[in-house]
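Nothing here was measured: the structure is a model prediction, and the numbers come from that model. Throughout, a chain's letter reflects where its sequence line sits, starting with A, and its residues are numbered from 1.
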Amino acid sequence: MKPPADEFQLMDAAAELAGRSLGDLAQRAGITVPGDLKHAKGWVGELLESALGATAGSRPVPDFENLGIELKTIPLNPRHQPQESTFVCTAPLINTAGLQWENSTVKAKLNRVLWVPVEATHDVPVAQRRVGRAILWSPSPAERKILRDDWEEHIERITLGYLDELDARLGTYLQIRPKALNSRQRTNARNHIGEPVSAVPRGFYLRTCFTRRVLSSFSNPSRNIAAVAAQRPTK
DNA sequence: TACTGATCATTC
DNA sequence: GAATGATCAGTA
């Protein structure tokens with residue numbers, strides 16, 4: 001699939017995928033469907049990237065670089081709600097002093113996201129799972145503020161060298177969790193007195209409750225309108 | 001059953 | 001080695 005030239009081409013391509021099965025998409029792309037995702041955890045995401053012409057590869061930039069749009073597949077449980085957290089990007093553990101939210105990778109990636117829901121019921125064979133309607137989303141001012149506050153709290157802990165305190169329970173919407181080959185992997189970091197130390201690599205993740213909010217606001221128009229209205233300054 | 005910490009595959 | 005794509009699986 002060629003990279004979309006603009007947002008409309010991307011949305012057309014995404015709309016064309018709605019209702020199709022992963023087996024269908026894989027066949028078109030000439031890709032074999034894995035029996036399960038245990039040893040192919042990124043397979044669905046990569047299939048959708050291929051189907052929509054994403055270009056970023058493994059660089060820390062949005063998938064559709066020219067459009068500034070990030071592609072995220074979102075696994076749905078049997079009730080068709082998001083069932084997993086969403087990886088955003090690697091968390092920096094060194095040289096974090098002076099980092100600003102405005103220049104952060106998190107902000108760049110979440111500024112505009114194409115969410116593509118995909119059925120993820122374990123009982124259903126991977127090939128039979130269907131793609132849902134894609135949503136082109138940007139954070140509301142209220143969401144932006146919370147994401148920024150979360151990010152700044154995490155970065156401050158890292159900058160102060162309190163890595164031991166980094167914990168998935170911190171952060172309202174944005175959390176930090178291990179992002180590694182295994183628990184033995186290490187990367188460079190600094191402790192609270194500025195000495196070089198080794199630490200498990202971390203990543204930023206969006207909590208499941210956050211993606212549930214995002215999707216439900218789109219599937220329930222009145223709720224979405226209410227959310228927008230609530231942000232309008234009263235006068 | 002929801003959530004956190006652990007893990008798997010691939011690319012550059 | 002570090003970035004991407006995530007889901008798995010044990011436990012609270």
Quiz item: According to the side chain to side chain donor-acceptor pair (under 3.5 Å) rule, which pairs have a member within residues 88-98 of chain A, sequence neighbours left out?
Solution: Thr96(A)-Thr159(A)
Self-check item: ILVMFWY clustering at 4.5 Å (side-chain atoms), partners of Leu170(A)
Solution: none
Quiz item: Starting at CG of Asp63(A) and ending at C1' of dA3(C), how long is that distance when rounded to a whole Å?
Solution: 13 Å
Quiz item: What does Gln83(A) touch in the nucleic acid at a heavy-atom separation under 4.0 angstrom: a base, only the sugar-phosphate, or nothing?
Solution: nothing
Quiz item: Given dT7(C), is OP1 or OP2 found less than 4.0 Å from the side-chain N or O atoms of His122(A)?
Solution: no
Exercise. Between protein and nucleotides 4-12 of chain B, map the contacts as a letter string: B base, S sugar-phosphate only, - none, heavy atoms under 4.0 Å, written 5' to 3'.
Key: BBBBBS-BS
Self-check item: Test item: side-chain donor near acceptor, Gln175(A) and His154(A), under 3.5 Å
Solution: no
Quiz item: Would you say the side chains of Arg112(A) and Ser138(A) form a donor-acceptor pair under 3.5 Å?
Solution: yes
Quiz item: How would you list all residue pairs meeting side chain to side chain donor-acceptor pair (under 3.5 Å) that involve residues 36-49 of chain A, not counting sequence neighbours?
Solution: none
Quiz item: How long is the line joining CG of Leu48(A) and P of dT4(C), in whole Å?
Solution: 18 Å
Quiz item: Expressed in angstrom and rounded to an integer, what is the separation of Trp43(A) atom CH2 from dT4(C) atom P?
Solution: 22 Å
Exercise. Provide, to the nearest angstrom, the distance between the CG atom belonging to Leu47(A) and the P atom belonging to dA6(C).
Key: 11 Å
Exercise. Using whole Å, report how far NZ of Lys72(A) lies from C1' of dA6(C).
Key: 8 Å
Quiz item: How would you list, by chain and number, every residue that makes a salt bridge (charged side-chain N to carboxylate O under 4.0 Å, His left out) with Arg169(A), sequence neighbours excluded?
Solution: Asp167(A)
Exercise. Whole angstrom is fine here: how far is it from CZ in Phe204(A) over to P in dA6(C)?
Key: 18 Å
Quiz item: Touch check for Gln185(A), heavy atoms < 4.0 angstrom, all strands: base, sugar-phosphate only, or nothing?
Solution: nothing
Exercise. Hey, which sits more toward the 5' end of DNA chain C by its nearest nucleotide, Pro75(A) or Ala91(A)?
Key: Ala91(A)
Quiz item: Quick one: is dA2(C) close enough that its OP1 or OP2 comes under 4.0 Å of any side-chain N or O from Thr187(A)?
Solution: yes
Could you go through residues 194-206 of chain A and list every donor-acceptor pair under 3.5 Å that involves a side-chain atom there, pairing it with any protein atom two or more places apart or in another chain?
from, atom 1, to, atom 2, distance (Å)
Glu195(A), OE1, Asn191(A), ND2, 2.9
Arg202(A), NE, Val200(A), O, 2.7
Tyr205(A), OH, Pro178(A), O, 3.2

